Amino acid sequence: MQQHAGSDRAPEAAAPPEGVPRLRHLVAGEWRTGAGEELVDIDPARPDEPVAVGNVALPADLEDAVAAARKVFPDWAATPHHTRARILARTADVLEAHAAQWGEELSREEGKTLPEGVGEVRRAAEIFRYCAAEADRPAGEVFASPRPGEQIQVIHRPVGVVAAVTPFNFPVAIPAWKIAPALGYGNTVVWKPSGLVPLLAVRMAEALVEAGLPDGVLSLLIGDGELGARLVGHPDVDAVTFTGSTVVGRDVMAVCGRLARPVQTETGGKNAAAVLSDADLELAVTEVLAGAFRSTGQKCTATSRVIVNERIADAFLDRLVARTATLQVGDPLDDGVRMGPVISHRARDTIQRALDEGAARAGVRILTGGRPYDDERSAGAFVQPTVVELAGDDPLWREELFGPIVVVRRAPDDDTALDLVGDSEFGLAAAVFTDDLRAVTAAVQRLDVGVLHINSETAGADPHVPFGGAKASGFGPKEQGRAARDFFTTTTTVYLRASRAGTR
Ligand code: UN1
C-alpha cells in the first residue's frame, strides 16, 4: 500500500465497537482506512448508537485519487461501451441484492423511514440499469455538408476526470445519477460524498468494485467541506458535478468559473404547490403531505410552500392540519412510522430557531407542530411536522429550511395563486392541483421551474428524463435522462472527406 502523508498520525486506527462497520476510502483501487480526523457516523434518531466509524481522508489521498483517475482515463474511455455498460448493470444487481441491508443502514444514518431507505437503494439500482442501457444509444449525429464529397459528424467524447460532490439527503440516489452516467460515457470519477452519510457511500463503491470496475476509475474520499473544496479546485479535474446548498453551490461555480471548468450545480428549492379552486382536495392534501414530510422534508424538491385559493382554503387547511397532526413520527426503523428525524441535532436546532423567531412575528400563525418534542424523541434530531399560515410575505416564505415545515398562503383567485408560485428566488419544482385546462396551460407557460407536476407532489425525479432547476436552484446542464450526456461528454465536430473523390 502506498504511504500517504500524515499516516504517521494514526498508524493503527482504533477498532470500531463490535458490529459497527469501519469506514473506508477507495483510492486508486485500494481500500484505505484514512488517517485524518476521526469520523463518527451518527444515527440522528439514536445519537448514542454510531452507525459507522472511521477517519477522514487526507489531502494526500485526494492527490492519489486524482492522479489515478487521470492515469486510467484513456483506457477507460477506450473500453468498449458494452463492457462499461455491463459493469453498470452488474452494479445495479449488487445494489438490488443488498437493498434490504443497505436500505436499513441508509435509514439509520440519514433518518428517512425504512421503506424510503430500501426504496432509495432500489432507485439507485434503476438508475444504474438505465445508464447501462444508454450505452447503445447513438453516439453522435451526422450532418450533410455544403461541399461535395464531405460529411459532417458530431461525435461525443468523455470529458475526462469528473469531480462529484454529493449531499446527505439522498446518500445513494444522487451519487448514482452522477456516477453512473459519468462512468457510462467513459469518464473517470473522484467522489466526495457528504461526511454525514459515509456508510452508504462505501456501500455504493463496494457495489462498483464487486461489479468489476477497474482500479482508479472511481475513487471515494470521505471528508469535510475543505476536502470537497480541494477536489473542486484541483488542477487535474476536468468537470465538477455538485448537489448541495445554494451557498456552497455558488462557491463551486465561482471556483469553476475562474478555472473555466465545466460545472453543474443542483442547489436549493422553496417549492410551491398551488391548490386551485377546482382542486380535488383529498388528492391535494395527500400529495402535499407526501411532498412536505417524506424524507422529513429534506429534499430540494420538497413542498415547502402552499398557495390555496381562498374559496377552498378552510376546507383544505382543516384536512391538511388534521392529517399532519396525526402523522406518526419516530425511529425510522419502526413499523408504521411515517417520518423520522432530520439529519442532525444542529439541523434540528436551526430549524427550531427559525420557527421560534417566525412565530414571534406578526402575520405568522402556526397551525400545527412548531414546538420541540418533550418526550423520548427530544434525545433525537426530531422536528415536529409543522404547518404555518402566513398572512403575507415573511422570511419563512423565502428561506429554505430543509425540514418538515410547510408554509401556506391564501390567494384571492387562481391567477394570483400561480403568481405566488413564482414569487421565489428558487425555481426547482412546483405542483398545481387543478383539472382546468386553462390553468394548466397558464402554469406550463408561466412558471419558471425545472420540474412541474400537475396533480402530484413536487418531489420525484425519474431516471430517463431531465432533472434540475431554474433561477437560483441550479446552474449548467440538467441531470439524468439524455440531458446527462450534455454534461458528461464534450463534442467534436468532424468535417470528414477523403483526400480524393471516391472511385468505387
Ligand atoms: C426527488 O425528489 O426524489 O437533493 C429527488 C434533492 C434533489 C433530488 C430530489 N437533488 O432533494
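Keep in mind it's a predicted model, so treat the numbers as computed, not measured. Atoms within each ligand, like the ligands themselves, are counted from 1 in listed order.
Distances below 4.0 Å separate heavy atoms of Trp177 from the following atoms of ligand 1: 5 (C), 8 (C), 10 (N). Interface of Asn169 with ligand 1, defined as ligand atoms under 4.0 Å from a residue heavy atom, comprises 4 (O), 6 (C), 11 (O).
A cation-pi arrangement is absent between Arg398 and Phe426, since the terminal nitrogen or guanidinium carbon is not both under 6.0 Å from the aromatic centre and inside a 45° cone about the axis. Figure legend: cation-pi geometry between Lys112 and Phe170, with NZ or CZ positioned under 6.0 Å from the six-membered ring centre and within 45° of its axis.
Checking only distances, Gly460 does come within under 3.5 Å of ligand 1, N or O to N or O. Residue-to-ligand polar distances keep Lys299 apart from ligand 1: every N/O pair is separated by 3.5 Å or more. Residue Ala459 places no N or O, backbone or side chain, under 3.5 Å from any N or O of ligand 1.
Summarising the contacts of atom 9 (C) of ligand 1 with Thr243, Thr301, Ile174, the nearest heavy atom is found in Thr301. When the options Glu266, Arg294, Glu116, Arg123 are ranked by their closest heavy atom to atom 3 (O) of ligand 1, first place goes to Arg123.
For the ligand labelled ligand 1, residue Phe168 lies outside the 4.0 Å heavy-atom shell. Not a single heavy atom of Gln298 sits less than 4.0 Å from an atom of ligand 1. The closest approach between a heavy atom of Pro167 and any atom of ligand 1 is not below 4.0 Å.
Side chain of Asp41 to main chain of Val53: no donor-acceptor pair is present (N/O by atom type, distance under 3.5 Å, no hydrogens or angles).
Taking a cutoff of 4.0 Å between a charged side-chain nitrogen and a carboxylate oxygen, Glu210 and Arg90 do not qualify as a salt bridge. Remark: Glu457 engages Arg294 in a salt bridge, criterion side-chain N to carboxylate O under 4.0 Å.
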Please walk me through it: do Gln264 and Thr241 pass side chain to side chain donor-acceptor pair (under 3.5 Å)?
-> CA-CA 5 Å; Gln264 168 187 64; Thr241 175; 2.6 Å; yes
Go through the steps for Glu109 and Asp43 under the test side chain to side chain contact (heavy atoms under 4.5 Å, CB included), then give the verdict.
-> CA-CA 5 Å; Glu109 74 175 353; Asp43 178 341; over 6 Å; no
Going through the checks in order, is the side chain to side chain donor-acceptor pair (under 3.5 Å) test met by Glu116 and Thr113?
-> CA-CA 5 Å; Glu116 287 179 286; Thr113 63; 2.9 Å; yes
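The nearest heavy-atom contact from the protein to atom 11 (O) of ligand 1 is Cys300 N, 2.5 Å.
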